[in-house]
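Just so you know, these numbers come straight off a predicted model, no measurement behind them.
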Amino acid sequence: VVARDSTGAQPAPPRFLSSFFPIVAVGELYNATFGGGSPFHSRLRMLHAVADDGVLLQLNYSGVSERLDVYRSGDLVRSSGLVMVGGLNERVHGLQYIPRLSGSRPGSNYYDDTSGQLHVLVKGNEPVEIVMAPVLKVSLELTVEGELSKTTFVAEFAAAINVHPSEVIIVRILERSTRRLQQSGAIAQAVTVEAEVGEQPSPTRDAGTAVVGQAVQALQSSLTSVAATLVSLVQAGSLAEALSGTGVSAVSGLQLVLP
């Protein structure tokens, strides 16, 4: 399928639709790996299924840097591994968040970022769509005096890179070491903060509509600019000052995964 832009003057890059029709036994778990790279947009549906028929899929997205958004009949299904704590979006981790064949809604999903596996429940004949969304993955090595306030960190970090706080998700915070400062006697922690930066997913989308490449490219360009700003702040030594309200006294390392 070849699509053209709204003016018809320049052809857009071709978009190809591939269809596969496997036979599955309901009530079972299936592992699947994509050949030739993970698709940017997938649509799953069990034809001729009744409401209680379901399969739990474990799809291999290892090596993918994008966020995986799941929709059921056009409505966003938030990951069971994403919770809101004190008004902040934060990821939680563990096998207990994997959907169950019984008792979970169609489209229930959990992404295990350590293994790159997306667990998603397909149930009944409702279509379930998986759409990749560009995000900037950030890992900061910080020295923090006292307790790190997640709320303050997100607010100050978002302000420093000029994004809305809702676009920053805490993935995990790892404490690497602790020591007592000789002069003040305060406890200084060496911590690693992992976060994602990106637009929040739309609560709805037209089921079956292809992802528009130009919109994705615009998001990628915006996040690349955010990454450049963050690198400049670290190189100038001003990020620690911007995060001073969180108790950060030094930034010793930065790792980025670009969209």
Side-chain angles (χ1 to χ4, degrees), residues 13 15-16 18 31-44 57-71 76-83 88-94 97-98 109-120 128-141 154 157-158 160-174 192-202 205 210-234 239 251 253-259:
R15 293 196 297 268
F16 300 98
S18 298
N31 300 330
T33 298
F34 302 104
S38 302
F40 201 87
H41 178 198
S42 303
R43 190 167 187 256
L44 310 171
L57 302 180
Q58 181 175 315
L59 304 177
N60 183 13
Y61 280 93
S62 60
V64 170
S65 62
E66 290 84 359
R67 185 185 67 224
L68 302 173
D69 297 331
V70 178
Y71 291 83
L76 177 68
V77 183
R78 284 174 62 92
S79 169
S80 55
L82 182 63
V83 298
L88 300 177
N89 287 314
E90 185 175 351
R91 296 207 182 279
V92 291
H93 311 273
Y97 298 105
I98 296 176
N109 63 95
Y110 169 72
Y111 179 66
D112 182 354
D113 64 350
T114 60
S115 64
Q117 305 298 305
L118 175 68
H119 304 264
V120 59
V128 172
E129 294 184 85
I130 305 168
V131 182
M132 291 188 188
V135 292
L136 174 65
K137 295 187 176 182
V138 181
S139 178
L140 285 168
E141 295 183 6
V154 168
F157 181 70
I161 60 176
N162 197 29
V163 302
H164 193 274
S166 65
E167 298 180 23
V168 178
I169 295 178
I170 297 293
V171 176
R172 57 172 57 85
I173 297 178
L174 304 172
T192 299
V193 177
E194 297 180 10
E196 285 181 1
V197 180
E199 284 190 2
Q200 288 299 294
S202 171
R205 72 182 309 274
V211 177
V212 180
Q214 291 88 341
V216 173
Q217 291 172 0
L219 289 174
Q220 291 173 331
S221 177
S222 175
L223 291 171
T224 301
S225 297
V226 170
T229 298
L230 186 53
V231 170
S232 297
L233 288 171
V234 173
L239 183 60
V251 177
L254 168 67
Q255 292 184 359
L256 299 174
V257 178
L258 296 174

Any non-hydrogen side-chain atom of [X] less than 4.5 Å from a side-chain atom of [Y]?
{"X": "I130", "Y": "L118", "result": "yes"}
{"X": "L140", "Y": "T192", "result": "no"}
{"X": "L239", "Y": "L230", "result": "yes"}
{"X": "K137", "Y": "L256", "result": "no"}
{"X": "M132", "Y": "V64", "result": "yes"}
{"X": "V216", "Y": "F40", "result": "yes"}
{"X": "Y97", "Y": "V92", "result": "yes"}
{"X": "V154", "Y": "I170", "result": "yes"}

I'd like to know if the side chain of H93 reaches the main chain of T114, judged simply by a donor and an acceptor atom lying under 3.5 Å from each other, with no hydrogens or angles considered.
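Looks like no, no N/O pair under 3.5 Å.
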
Listed partners of R78 passing salt bridge (charged side-chain N to carboxylate O under 4.0 Å, His left out), at least two apart
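With sequence neighbours excluded, R78 shows a salt bridge (charged side-chain N to carboxylate O under 4.0 Å, His left out) to no residue whatsoever.
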
Can you tell me how far the [atom1] atom of [X] sits from the [atom2] atom of [Y], to the nearest 0.5 Å?
{"X": "L59", "Y": "S42", "atom1": "CG", "atom2": "OG", "result": "7.5 Å"}
{"X": "I98", "Y": "Q58", "atom1": "CD1", "atom2": "CD", "result": "7.0 Å"}
{"X": "S225", "Y": "I161", "atom1": "OG", "atom2": "CD1", "result": "11.5 Å"}
{"X": "S65", "Y": "L258", "atom1": "OG", "atom2": "CG", "result": "8.5 Å"}
{"X": "Y61", "Y": "L68", "atom1": "OH", "atom2": "CG", "result": "6.0 Å"}
{"X": "S222", "Y": "Q217", "atom1": "OG", "atom2": "CD", "result": "13.5 Å"}

Could you please spell out the steps behind the side-chain contact (heavy atoms from CB on, under 4.5 Å) verdict for E90 and L82?
CA-CA 6 Å; E90 185 175 351; L82 182 63; 5.9 Å; no

Salt bridge (charged side-chain N to carboxylate O under 4.0 Å, His left out), that's the test. Do R205 and E129 meet it? Break it down for me.
CA-CA 10 Å; R205 72 182 309 274; E129 294 184 85; 3.0 Å; yes

Give me the atom names and distance for the closest heavy-atom approach of [X] to [Y].
{"X": "L76", "Y": "P201", "value": "CD2-CG, 3.7 Å"}
{"X": "S115", "Y": "S62", "value": "O-CB, 4.0 Å"}
{"X": "P134", "Y": "L223", "value": "O-CD1, 3.4 Å"}
{"X": "V135", "Y": "P259", "value": "O-CB, 3.6 Å"}
{"X": "S202", "Y": "Y71", "value": "O-OH, 2.7 Å"}
{"X": "N109", "Y": "V77", "value": "ND2-O, 3.1 Å"}

Around atom CG of N31, are there more than 12 heavy atoms from other residues, nucleotides or ligands closer than 6.0 Å?
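More than 12 heavy atoms, drawn from other residues, nucleotides or ligands, come within 6.0 Å of this atom.
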
Is the count of non-hydrogen atoms from other residues, nucleotides or ligands lying under 6.0 Å from Q200 atom CD greater than 12?
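Result for CD/Q200: enclosed.
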
Output, in order, the C-alpha distance, side-chain angles, deciding distance and verdict of side-chain contact (heavy atoms from CB on, under 4.5 Å) for V197 and F157.
CA-CA 10 Å; V197 180; F157 181 70; 4.1 Å; yes

Trace of the side-chain contact (heavy atoms from CB on, under 4.5 Å) decision for L254 with V138
CA-CA 7 Å; L254 168 67; V138 181; 4.0 Å; yes

Looking at R91 and D113, does any basic side-chain N land under 4.0 Å from a carboxylate oxygen?
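No.
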
